[in-house]
Amino acid sequence: SAQYEVALAQGVAEAAGSTKPGQNGNLFVFSHSAQGPFAISRFNAVFYLLKELEKGDKIVVFYEGKRFTYVVFDKTITNPTDISFLSNRYDKPVLTLQTCDPPGTLNNRLIVRAQLLGS
């Protein structure tokens, strides 16, 4: 949608229906990736290095002056038509990050999920 295109031009977009950081549920955020460093600024490819995250890595989110630390528990490559990660609901705070895979293509989606530290 046009609303997402505007958000992606700035960096990342939050999917409609996402929960806020720290709340139980699914905070779903997506952004562009790029095939190489030369294209990062052209596409504002904030998630260019998302593929480097591994289980146990920490992701820090700042929201309304508060810091939220999430720990990666899953990394998956899926078909672009698979929307199950978007519609997942959790009884704990989960952050789901999505980008294209391989970077700069529309072939697949890279999904990284992380749980709020201490939850």
Side-chain angles (χ1 to χ4, degrees):
S1 80
Q3 155 188 3
Y4 288 141
E5 289 177 25
V6 170
L8 288 173
Q10 301 299 313
V12 301
E14 176 186 339
S18 286
T19 57
K20 300 300 179 198
Q23 293 181 348
N24 289 350
N26 191 11
L27 169 55
F28 193 99
V29 179
F30 56 100
S31 184
H32 289 302
S33 61
Q35 289 179 315
F38 59 88
I40 292 172
S41 61
R42 179 177 173 205
F43 297 108
N44 203 3
V46 174
F47 284 175
Y48 171 65
L49 294 176
L50 189 64
K51 65 185 183 291
E52 303 298 326
L53 286 175
E54 297 294 340
K55 190 174 184 178
D57 287 346
K58 293 180 181 173
I59 302 169
V60 177
V61 174
F62 291 93
Y63 179 73
E64 293 186 341
K66 294 180 184 171
R67 177 186 171 125
F68 299 88
T69 302
Y70 292 83
V71 179
V72 174
F73 68 86
D74 180 62
K75 180 175 165 181
T76 304
I77 296 174
T78 188
N79 186 291
T81 60
D82 181 359
I83 61 166
S84 64
F85 293 96
L86 176 63
S87 59
N88 280 344
R89 296 294 170 242
Y90 303 97
D91 59 359
K92 58 189 173 195
V94 171
L95 170 65
T96 303
L97 305 178
Q98 175 190 290
T99 196
C100 298
D101 186 81
T105 72
L106 298 175
N107 298 349
N108 295 303
R109 299 294 179 263
L110 170 63
I111 308 286
V112 174
R113 293 184 294 164
Q115 177 178 313
L116 186 67
L117 189 64
S119 65

In Å and rounded to the nearest 0.5 Å, what is the [atom1] to [atom2] distance from [X] to [Y]?
| X | Y | atom1 | atom2 | value |
| --- | --- | --- | --- | --- |
| Leu95 | Ile59 | CG | CD1 | 5.0 Å |
| Arg113 | Gln115 | CZ | CD | 10.5 Å |
| Gln23 | Leu116 | CD | CG | 11.0 Å |

request  = Any chance you could lay out the side-chain contact (heavy atoms from CB on, under 4.5 Å) test for Thr99 and Phe30, step after step, and finish with the verdict?
outcome  = CA-CA 6 Å; Thr99 196; Phe30 56 100; over 6 Å; no

Side-chain heavy atoms under 4.5 angstrom apart, residues restricted to Ile, Leu, Val, Met, Phe, Trp, Tyr: same cluster for [X] and [Y]?
| X | Y | answer |
| --- | --- | --- |
| Leu50 | Val61 | yes |
| Val112 | Ile77 | yes |
| Leu110 | Val72 | yes |
| Val94 | Leu53 | no |

Working for side-chain contact (heavy atoms from CB on, under 4.5 Å), residues Phe85 and Gln98 = CA-CA 9 Å; Phe85 293 96; Gln98 175 190 290; over 6 Å; no

query = Applying the side chain to side chain contact (heavy atoms under 4.5 Å, CB included) test to Arg109, which of Thr78, Asp101, Thr81 qualifies?
reply = Thr78

If only atom types and distance count, is the side chain of [X] paired as donor or acceptor with the main-chain N or O of [Y] below 3.5 Å?
| X | Y | value |
| --- | --- | --- |
| Asp82 | Asn79 | no |
| Ser18 | Phe28 | yes |
| Lys92 | Gly25 | no |
| Tyr70 | Gly22 | yes |

message = side-chain contact (heavy atoms from CB on, under 4.5 Å), that's the test. Do Leu27 and Thr96 meet it? Break it down for me.
response = CA-CA 6 Å; Leu27 169 55; Thr96 303; over 6 Å; no

ask   = Is any side-chain heavy atom of Phe68 closer than 4.5 Å to a side-chain heavy atom of Val60?
value = no

request  = Evaluate the criterion side-chain contact (heavy atoms from CB on, under 4.5 Å) for residue pair Lys75 and Lys55; output intermediate values, then yes/no.
outcome  = CA-CA 7 Å; Lys75 180 175 165 181; Lys55 190 174 184 178; over 6 Å; no

query = Just checking, is any N or O donor in the side chain of Thr76 or Asp74 under 3.5 Å from an acceptor N or O on the other one?
reply = yes

